[in-house]
Colleague: 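Dropping the structure in here first, questions after.
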Amino acid sequence: MNFDLVSHELRTPLTLIINPLEDLLNHSAFSTEVKNTLQLMRKNTQRLLLLVNNLMDVQKYDAHKMVLQKEKFNLTEFVKEIYNSFISVANHRHIIFTQKNNIPDCFCVYYDRQEIEKVMFNLLSNAFKFTPEKGTIEMKLSVLPNECDLVRVRSW
């Protein structure tokens, strides 16, 4: 089965759904209930698009065609951005979501930002999926002596 062809065929209609949804969400004439439903539709369509993109990435990995785009980034800022992306999910689900940073504010590392972002979003999505309401999720950023840099996500 040619996953590239299937993925491409799925991406196009998903994009054609997302764009009109965005347009509809920009109209203020809808009730809160309708806007919430449209936002849910957009969120789930974007989730499907992400899954299709991940399928394409897996195909690239399998074919050894994936090349990491390593660049120097501020890891502290990156983790703050990821945290801020999920704080509204935490508030909505009544989950205590904390981020503890034990490294300097300007801690730079080389990594493929897009790929690490996918991993972090996947980890946090799963943490939120399996953490009960009023539970706790903690992201802890620290440098371990004589070991690699580590970002931990823990929920309970």
Side-chain angles (χ1 to χ4, degrees), residues 1-27 30-99 101 109-141 148-156:
M1 174 183 267
N2 186 341
F3 287 113
D4 282 337
L5 180 60
V6 172
S7 298
H8 178 74
E9 293 301 318
L10 290 172
R11 281 175 55 121
T12 302
L14 287 171
T15 303
L16 293 173
I17 293 169
I18 290 172
N19 290 335
L21 280 173
E22 294 287 341
D23 291 341
L24 288 171
L25 282 166
N26 288 327
H27 293 287
F30 294 119
S31 68
T32 303
E33 184 179 342
V34 170
K35 279 193 170 193
N36 288 343
T37 301
L38 290 171
Q39 287 173 342
L40 180 63
M41 291 169 62
R42 178 184 61 187
K43 179 181 175 184
N44 286 318
T45 305
Q46 287 173 329
R47 183 176 294 143
L48 279 172
L49 186 57
L50 178 64
L51 290 171
V52 170
N53 288 335
N54 288 344
L55 180 63
M56 292 176 73
D57 287 346
V58 168
Q59 180 68 20
K60 288 178 188 173
Y61 286 126
D62 287 346
H64 303 289
K65 293 181 181 176
M66 177 64 79
V67 177
L68 296 177
Q69 303 298 317
K70 293 179 278 185
E71 295 182 42
K72 185 177 180 180
F73 288 101
N74 182 327
L75 187 61
T76 304
E77 287 299 317
F78 172 77
V79 171
K80 283 180 190 176
E81 288 175 24
I82 299 292
Y83 173 81
N84 289 332
S85 295
F86 280 88
I87 194 68
S88 64
V89 176
N91 292 336
H92 179 72
R93 298 249 345 265
H94 306 286
I95 292 174
I96 300 166
F97 183 40
T98 60
Q99 187 238 334
N101 182 4
V109 294
Y110 287 88
Y111 60 93
D112 186 318
R113 181 183 175 93
Q114 188 174 5
E115 295 304 311
I116 296 298
E117 191 171 273
K118 285 179 193 176
V119 170
M120 291 299 298
F121 268 76
N122 191 345
L123 286 171
L124 285 169
S125 293
N126 285 333
F128 279 98
K129 182 177 181 179
F130 295 107
T131 300
E133 189 171 308
K134 297 183 182 175
T136 301
I137 297 174
E138 177 184 276
M139 283 177 49
K140 185 175 181 182
L141 185 63
C148 63
D149 303 327
L150 182 65
V151 177
R152 288 188 183 150
V153 176
R154 183 172 59 169
S155 68
W156 60 92

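Nothing here was measured: the structure is a model prediction, and the numbers come from that model.
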Colleague: Find the distance between CG (Asp23) and CG (Leu38) and round it off to the nearest 0.5 Å.
Modeller: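 Answer for the CG-CG pair, Asp23 versus Leu38, is 11.0 Å.
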Colleague: With sequence neighbours excluded, what pairs up with Tyr83 under the ring-ring contact (aromatic ring centres under 6.0 Å, His included) test?
Modeller: Phe97
Colleague: Could you report the tightest heavy-atom contact between Gln46 and Ile18, atom names first, then the distance?
Modeller: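 For Gln46 and Ile18, the tightest heavy-atom pair comes out as CG-CD1, 3.8 Å.
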Colleague: Taking C-beta and beyond as the side chain, do Ile87 and Gln99 meet within less than 4.5 Å on heavy atoms?
Modeller: no
Colleague: Dump the intermediate steps for side chain to side chain contact (heavy atoms under 4.5 Å, CB included) on Phe78 and Val109, then the final yes or no.
Modeller: CA-CA 11 Å; Phe78 172 77; Val109 294; over 6 Å; no
Colleague: Give every residue pair that meets the salt bridge (Lys or Arg N to Asp or Glu O under 4.0 Å) criterion with at least one member in residues 37-56, sequence neighbours excluded.
Modeller: Glu22-Arg42
Colleague: Hey, could you give me the CG/CG distance between Leu49 and Asn44, rounded to the nearest 0.5 Å?
Modeller: 12.5 Å
Colleague: For Asn122, which residues count as a side chain to side chain donor-acceptor pair (under 3.5 Å) partner, sequence neighbours excluded?
Modeller: Asn126
Colleague: Rounded to the nearest 0.5 Å, what's the gap from OG1 on Thr131 to CG on Leu124? Could you check?
Modeller: 9.5 Å
Colleague: Rounded to the nearest 0.5 Å, how far does CG of Leu75 lie from CG of Asn101?
Modeller: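 Here the rounded value is 8.0 Å.
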Colleague: Residues in side chain to side chain donor-acceptor pair (under 3.5 Å) with Glu81, at least two apart?
Modeller: Arg113
Colleague: Sequence neighbours excluded, which residues qualify as side-chain contact (heavy atoms from CB on, under 4.5 Å) partners of Gln114?
Modeller: Asp112, Lys118
Colleague: Can you tell if the side chain of Thr15 reaches within under 4.5 Å of the side chain of Asn19, non-hydrogen atoms only?
Modeller: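 When only atoms from C-beta onward are counted, Asn19 and Thr15 do touch, with a gap below 4.5 Å.
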Colleague: For Val52 versus Leu14, what's the shortest heavy-atom pair and its separation?
Modeller: CG2-CD1, 4.0 Å
Colleague: Who are the side-chain contact (heavy atoms from CB on, under 4.5 Å) partners of Val119, not counting sequence neighbours?
Modeller: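 Val119: side-chain contact (heavy atoms from CB on, under 4.5 Å) contacts with Leu123.
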Colleague: Residues in salt bridge (Lys or Arg N to Asp or Glu O under 4.0 Å) with Arg93, at least two apart?
Modeller: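 Partners of Arg93 by the salt bridge (Lys or Arg N to Asp or Glu O under 4.0 Å) criterion come out as none, since no residue qualifies.
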Colleague: List for me each residue that meets side-chain contact (heavy atoms from CB on, under 4.5 Å) alongside Ile17, sequence neighbours excluded, and say none if there are none.
Modeller: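 Applying side-chain contact (heavy atoms from CB on, under 4.5 Å) to Ile17 gives Leu21, Thr45.
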Colleague: Check ring-ring contact (aromatic ring centres under 6.0 Å, His included) between Phe30 and all other residues, then give those that pass, not counting sequence neighbours.
Modeller: none
Colleague: Mind checking the OH-NZ spacing from Tyr111 to Lys70? Nearest 0.5 Å is all I need.
Modeller: 14.0 Å
Colleague: Distance from Ile96 atom CD1 to Glu138 atom CD, nearest 0.5 Å?
Modeller: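 Taking CD1 in Ile96 and CD in Glu138, the distance rounds to 11.0 Å.
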Colleague: For Phe121, what residues pass the side-chain contact (heavy atoms from CB on, under 4.5 Å) criterion, not counting sequence neighbours?
Modeller: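 Listed in chain order: Ile82, Ser85, Phe86, Glu117.
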Colleague: For Glu77, give me all partners under salt bridge (Lys or Arg N to Asp or Glu O under 4.0 Å), at least two apart in sequence or on another chain.
Modeller: Lys80
